[in-house]
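What follows is a short report on a single structure.
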Amino acid sequence: MNVGILGATGAVGQKFIRLLNQHPWFTITALGASDRSAGKTYKEAANWIEDVPLPEEIAGMTVQACTPEAMKGVDFVFSGLDSSVATEIEGAFAKAGIPVISNAKNYRQHAEVPLLIPEVNPEHIDLISTQSFSADGKGWIVTNPNCVAVPLSLALKPLHDRFGLENLSVTTLQALSGAGYPGVPSLDIIANVVPYISGEEPKIAPETQKILGHLSDGDIQRPEFTVDATCTRVHTLNGHMAAVSCRFKEKPASMEQVLDTLKNFQNPIADLELPFSPKELFHIHTEDNYPQPRLHADRDKGMSLHIGRLREGDFFHLNFVCMAHNTIRGAAGGAILNAELLMKKGWFS
Ligand code: NAP
């Protein structure tokens with residue numbers, strides 16, 4: 001399939017270009033960015049920050065304006081657009097009959113738009129049939145969650161299904177690449193922790209609740225657990241970690257029961273063998289000092305979830321940490337897995 005990338009010059013856009021290089025199903029045929037970049041070759045327009053060479057065939061492509069007319073010939077687009085422009089541009093593509101697989105926050109809470117993690121809520125794809133962006137139904141939007149909501153929802157899915165979440169407390173340690181390029185000023189973050197990320201905390205409750213919600217009659221019934229979130233920026237490069245504490249409706253009988261619940265999770269897309277699926281979805285670490293972003297974020301194509309420090313609390317029933325690569329599992333890689341699932345389920349035909 002011919003794919004376009006909206007926001008191709010940004011941090012997430014570059015990750016798409018890197019990950020889609022030699023993808024068995026998808027070929028990049030159009031690159032879109034702002035007026036600052038349109039008309040230039042990709043090499044001139046983008047400040048390449050990936051640690052692999054820029055693919056030759058991409059370097060010489062001309063960056064287009066982000067319009068369906070300028071990017072004609074694509075079967076669908078991935079979006080890594082800045083949220084200040086994503087509503088209008090993504091909406092225009094869907095209206096023109098071109099499906100959009102987006103990383104931006106703009107449509108995540110739209111009642112008809114799936115907020116998709118293939119291993120958690122693949123049935124939410126059915127929401128697409130309720131959308132009316134394009135008259136013929138060919139243009140639709142699917143989003144992937146915020147880069148912290150991804151590891152959190154993956155870890156919580158088996159626990160919520162088994163014990164029923166009631167209260168959640170989350171403190172995140174988020175890597176620098178999550179702020180895009182140029183991101184956080186170096187003098188703010190070197191040898192430091194910043195205990196605030198603008199706009200981040202309010203996303204965690206609604207996104208996690210929507211993802212873990214139950215689709216019934218075209219509507220997502222959201223579970224009613226409470227979420228207290230504190231989001232911090234730390235001096236790591238890739239891999240968002242979250243320290244999580246939960247109380248459940250039913251208190252787990254033991255830590256063995258918690259471990260069994262995680263280990264026996266039935267991944268609903270395991271037998272589809274999608275190119276971007278990790279070999280092992282959950283890496284459960286038993287060492288006291290694991291997982292660590294620098295050691296583990298890239299494992300298994302950067303698509304796995306790492307869980308560790310599982311232990312009982314005095315007030316909370318369970319404490320643990322989880323971690324996943326924020327620009328791969330939490331952004332471009334997650335979006336590619338979404339597209340693979342949608343293709344396998346026939347949504348592009
Ligand atoms: P970024 O590095 O700032 O890139 C933004 C992209 O949007 C650039 O390609 C830019 O093009 C383009 N753009 C800006 N204004 C535009 C306009 N008026 N018309 C068309 N294109 C325009 O940001 P990022 O970190 O890649 O994030 C991109 C999106 O993904 C954001 O919505 C972000 O919230 C989301 N996201 C990021 C992460 C992460 O870990 N970084 C994770 C999940 C989701 P120019 O180069 O031409 O300005």
Side-chain angles (χ1 to χ4, degrees), residues 4-19 28 30-50 58 61-68 70-71 77-93 100-108 115-117 141-153 172-184 197-200 202-204 207 231 233-234 236-241 293 297 302 323-338:
I5 300 180
L6 307 176
T9 48
V12 172
Q14 294 190 22
K15 193 62 86 180
F16 274 123
I17 288 169
R18 176 185 183 159
L19 297 178
I28 298 171
L31 302 166
S34 76
D35 292 347
R36 292 179 289 277
S37 307
K40 297 180 183 164
T41 64
Y42 187 79
K43 192 175 176 180
E44 287 165 344
N47 174 33
W48 186 250
I49 56 171
E50 288 294 323
I58 299 291
M61 282 174 72
T62 302
V63 177
Q64 310 291 337
C66 285
T67 63
M71 293 177 70
V77 291
F78 288 110
S79 169
L81 281 171
D82 193 86
S83 59
S84 61
V85 295
T87 304
E88 199 182 322
I89 295 174
E90 293 178 1
F93 273 82
V100 179
I101 316 276
S102 177
N103 276 280
K105 67 179 181 187
N106 306 51
Y107 287 95
R108 287 181 191 152
L115 183 55
L116 186 64
I117 302 179
I141 299 177
V142 166
T143 56
N144 53 306
N146 166 274
C147 38
V148 164
V150 171
L152 194 57
S153 305
T172 69
L173 299 90
Q174 298 184 218
L176 287 168
S177 59
Y181 187 84
V184 187
I197 302 175
S198 176
E200 201 76 344
K203 293 180 199 159
I204 304 220
E207 291 198 14
C231 293
R233 183 74 69 196
V234 297
T236 53
L237 192 54
N238 293 311
H240 285 354
M241 174 110 78
M323 192 272 300
H325 196 300
N326 52 299
T327 57
I328 302 182
R329 181 81 230 199
I336 294 170
L337 189 65
N338 284 353

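Ligands are counted one by one from 1 in listed order, and the atoms in each one are counted from 1 as well.
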Ligand-side contact atoms (ligand 1) for residue partner A104, heavy atom cut-off under 4.0 Å: 32 (O)
Could you check which of G80, A38, G10 puts a non-hydrogen atom nearest to atom 28 (C) of ligand 1? G80
Atom 45 (P) of ligand 1 touched by protein heavy atom at under 4.0 Å: yes
Are any of the N or O atoms of R108 closer than 3.5 Å to those of ligand 1? no
Show which atoms of ligand 1 fall inside a sub-4.0 Å distance from at least one heavy-atom site of S83. 32 (O)
Quick one: look up the protein heavy atom nearest atom 3 (O) of ligand 1 and list residue, atom name and how far away it is. Y181 O, 4.2 Å
Within ligand 1, which atoms have a heavy atom of A331 less than 4.0 Å away? 42 (C), 43 (C)
Minimum heavy-atom distance G13-I5, with the two atoms named: CA-CG2, 4.2 Å
When distances are taken from atom 25 (O) of ligand 1, the protein heavy atom at minimum range is G180 CA, 3.1 Å
To atom 38 (C) of ligand 1, the nearest of V12, N238, V148 on a heavy-atom basis is V12
Check whether any side-chain heavy atom of L173 lies under 4.5 Å from a side-chain heavy atom of M323, and answer yes or no. no
Of all the non-hydrogen atoms in the protein, which one sits nearest to atom 29 (C) of ligand 1, and at what distance? L81 O, 3.2 Å
Under a 4.0 Å heavy-atom limit, does S84 contact ligand 1 with its side chain, its backbone, both, or neither? neither
Could you check if a side-chain atom of R329 sits within less than 4.5 angstrom of a side-chain atom of P151, using non-hydrogen atoms only? no
May I ask whether atom 33 (C) of ligand 1 is less than 4.0 Å from at least one protein heavy atom? no
For G330 and V150, the nearest pair of non-hydrogen atoms, with its separation, is CA-CG2, 4.1 Å
Under the side-chain contact (heavy atoms from CB on, under 4.5 Å) criterion, do N326 and N238 qualify, and how do the steps go? CA-CA 6 Å; N326 52 299; N238 293 311; 4.2 Å; yes
Any idea which atoms of ligand 1 are less than 4.0 Å away from a heavy-atom of A33? 11 (O), 20 (C), 21 (N), 47 (O)
Any donor-acceptor pair under 3.5 Å linking the side-chain atoms of N146 with those of E200? yes
For atom 43 (C) of ligand 1, find the nearest protein heavy atom and state the residue, atom name and distance (0.1 Å precision). G330 O, 3.5 Å
In short, P145 meets A149 closest at the heavy-atom pair CB-CB, 4.0 Å
Is the shortest heavy-atom distance from the side chain of Q14 to the side chain of Y181 under 4.5 Å? no
Counting only nitrogen or oxygen atoms and a 3.5 angstrom limit, does S177 reach ligand 1? yes
Distance filter under 4.0 Å to N103 heavy atoms, resulting ligand 1 atoms: 30 (O), 35 (C), 44 (C)
More than 12 foreign heavy atoms under 6.0 Å from NZ of K40: is that the case here? yes
For atom 16 (C) of ligand 1, what's the nearest protein heavy atom and its distance? S34 CB, 3.5 Å
For N47, does the CG atom have more than 12 heavy-atom neighbours from other residues, nucleotides or ligands under 6.0 Å away? yes
Please check this pair: side chain of S177 against backbone of L237, looking for a donor-acceptor N/O pair closer than 3.5 Å. yes
Distance to 0.1 Å, residue and atom name: give those for the protein heavy atom nearest to atom 14 (C) of ligand 1. R36 NH2, 3.6 Å
May I ask you to identify the nearest protein heavy atom to atom 7 (O) of ligand 1, giving residue, atom name and distance to one decimal place in Å? D82 N, 3.3 Å
N/O separation below 3.5 Å, C147 to ligand 1: no
Strictly distance-based, threshold 3.5 Å: is any side-chain N or O of H240 a donor or acceptor partner for the main-chain N or O of A175? yes
V148/E207 under side-chain contact (heavy atoms from CB on, under 4.5 Å): CA gap, chis, key distance, verdict: CA-CA 10 Å; V148 164; E207 291 198 14; over 6 Å; no
Before you tell me yes or no, could you show the steps for V100 and Y107 under side-chain contact (heavy atoms from CB on, under 4.5 Å), namely the whole-Å CA-CA distance, both residues' side-chain angles and the distance that decides it to 0.1 Å? CA-CA 11 Å; V100 179; Y107 287 95; over 6 Å; no
As an exercise, identify every atom of ligand 1 less than 4.0 angstrom from a heavy atom of I89. 19 (N), 20 (C)
Just to check, does A86 reach to within less than 4.0 Å of ligand 1 when the distance is taken from its heavy atoms? no
Starting from atom 10 (C) of ligand 1, which protein heavy atom do you reach first, and at what distance in Å? T9 OG1, 3.9 Å
